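The structure presented is a predicted model; accordingly, all values stated were derived computationally and were not measured. We're numbering straight along the sequence, starting at 1. Hydrogens, waters and symmetry mates are skipped; everything else that's a heavy atom, side chains included, is used.
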Amino acid sequence: MDACERLRDRLLMALMFETGCRIGQALGLRHEDINTDRRTLTLRPRDNNANRARGKSRDPKEIPVRQTLLDLYTDYLFAEYGELDCDYVFVNLWNGTVGAPMKYWAAMSLVKRLRRRAGVVFHPHLFRHTHATALLRAGVRLEVASELLTHGSVHTTADTYGHLDADDLAEELDRVGFRGAR
């Protein structure tokens, strides 16, 4: 996050980390999808995105978000987005057609720059894995994590993100008193 020099870029990375959304879902996000009063964003499947961004979900899903993410969104709107006439949240601001929806290749170019600056190798989907693992380690029920990740099945969540290590397993056994002293 500290490698991000622009608010737009920080918002994109924070959004993927804090919600576990896919890059296509993030790039397809519209201003109407963000509800600051309810502190939610709605991930909507759209086949007609001008930037060809796609999420895999079939149904819209309202996701609760932290106020800090909404504050970052507001800061971005005032400091960088300005008076642009576009309904997409993530747009070109410095390269290409200013105000046009940001495309996947531009997001990947950003990721490459951030990798060099931070010295950390990552891919946008790693944010999703990190978020999912954090949810499960925090004790969020599998069915809730599945809903938040917009999976069609709890089995997808369990099979893909249920990779907890031995420390996680021991901690859970301790929490429920199964490994208690004899």
> Ignoring hydrogens, what is the shortest heavy-atom contact between G20 and L149? Give both atom names and the distance.
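The pair with the smallest heavy-atom distance is O-CD2, 4.0 Å.
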
> Check whether L110 and V121 end up in the same hydrophobic cluster, where Ile, Leu, Val, Met, Phe, Trp and Tyr are linked by side-chain heavy atoms less than 4.5 Å apart.
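Different clusters: L110 never reaches V121 through Ile, Leu, Val, Met, Phe, Trp or Tyr contacts under 4.5 Å.
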
> Rounded to the nearest 0.5 Å, what separates atom CG in L148 from atom NZ in K61?
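Between L148 CG and K61 NZ, I get 8.5 Å after rounding to 0.5 Å.
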
> R6: which residues meet the side-chain hydrogen bond (donor to acceptor under 3.5 Å, both in side chains) condition with it, sequence neighbours left out?
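Per chain and number, R6 pairs via side-chain hydrogen bond (donor to acceptor under 3.5 Å, both in side chains) with no residue.
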
> Can you run down the salt bridge (charged side-chain N to carboxylate O under 4.0 Å, His left out) pairs that involve residues 28-40, sequence neighbours left out, and say none if there aren't any?
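Every pair satisfying salt bridge (charged side-chain N to carboxylate O under 4.0 Å, His left out) with a residue in residues 28-40: R30-D87, E32-R46, D33-R44, D33-R46, R38-E62.
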
> So which heavy atom on P60 is nearest to which on T42, and how close?
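Smallest heavy-atom distance, with atoms named: CB-CG2, 4.0 Å.
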
> Is the CG atom of N48 crowded by more than 12 outside heavy atoms at less than 6.0 Å?
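Yes, because the 6.0 Å sphere around CG of N48 holds more than 12 heavy atoms from other groups.
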
> What's the spacing between L29 CG and I34 CD1 if we round to 0.5 Å?
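Taking CG in L29 and CD1 in I34, the distance rounds to 4.5 Å.
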
> Passes side chain to side chain contact (heavy atoms under 4.5 Å, CB included), T40 versus V65? Steps please.
CA-CA 5 Å; T40 62; V65 296; 5.7 Å; no

> So which atom in L72 and which in A14 form the shortest heavy-atom distance, rounded to 0.1 Å?
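Closest approach of L72 to A14: CD2-CB, 4.0 Å.
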
> For A107, check side-chain contact (heavy atoms from CB on, under 4.5 Å) against everything at least two apart and list the hits.
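A107: side-chain contact (heavy atoms from CB on, under 4.5 Å) contacts with L12, I23, L27, M102.
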
> Under the salt bridge (charged side-chain N to carboxylate O under 4.0 Å, His left out) rule, what pairs show up with a residue in residues 15-26, not counting sequence neighbours?
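Only E18-R66 qualify under salt bridge (charged side-chain N to carboxylate O under 4.0 Å, His left out).
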
> Taking all heavy atoms of V140 and all of A145, pick out the closest pair and write down the distance.
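Looking at all heavy atoms of both residues, the closest pair is CG1-N, 3.9 Å.
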
> Donor-acceptor pairs under 3.5 Å, side chain of residues 73-84 to any protein atom, not counting sequence neighbours: which ones?
unit_1: Y73; atom_1: OH; unit_2: H31; atom_2: ND1; d: 2.7
unit_1: T74; atom_1: OG1; unit_2: L70; atom_2: O; d: 3.0
unit_1: Y76; atom_1: OH; unit_2: V89; atom_2: O; d: 2.6
unit_1: E80; atom_1: OE1; unit_2: L7; atom_2: N; d: 3.3
unit_1: E80; atom_1: OE1; unit_2: R8; atom_2: N; d: 2.9
unit_1: E80; atom_1: OE2; unit_2: L7; atom_2: N; d: 2.8
unit_1: Y81; atom_1: OH; unit_2: H31; atom_2: NE2; d: 3.1
unit_1: Y81; atom_1: OH; unit_2: C86; atom_2: O; d: 2.8
unit_1: Y81; atom_1: OH; unit_2: Y88; atom_2: O; d: 2.7

> When you measure from the side chain of T19 to the backbone N and O of L15, does any donor-acceptor pair fall under 3.5 Å?
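The answer is yes, because a donor-acceptor pair under 3.5 Å joins these two groups.
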
> Can you run down the salt bridge (charged side-chain N to carboxylate O under 4.0 Å, His left out) pairs that involve residues 99-122, sequence neighbours left out, and say none if there aren't any?
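Every salt bridge (charged side-chain N to carboxylate O under 4.0 Å, His left out) pair that includes a residue of residues 99-122, provided the two are not neighbours, is E5-R117.
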
> Any ring-ring contact (aromatic ring centres under 6.0 Å, His included) involving residues 103-124? Give me the pairs, sequence neighbours left out, ordered by first then second residue.
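Counting only pairs at least two positions apart or across chains, the ring-ring contact (aromatic ring centres under 6.0 Å, His included) contacts touching residues 103-124 are F122-F127.
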
> Is it possible for you to say whether L41 and V144 belong to one hydrophobic cluster, with membership spreading through side-chain heavy-atom contacts below 4.5 Å?
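Same hydrophobic cluster.
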
> Enter the distance from M16:CE to L11:CG here, rounded to the nearest 0.5 Å.
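That separation rounds to 10.0 Å.
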
> Return the minimal non-hydrogen interatomic distance between C4 and M13, and the atom names on each side.
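Looking at all heavy atoms of both residues, the closest pair is SG-CG, 3.9 Å.
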
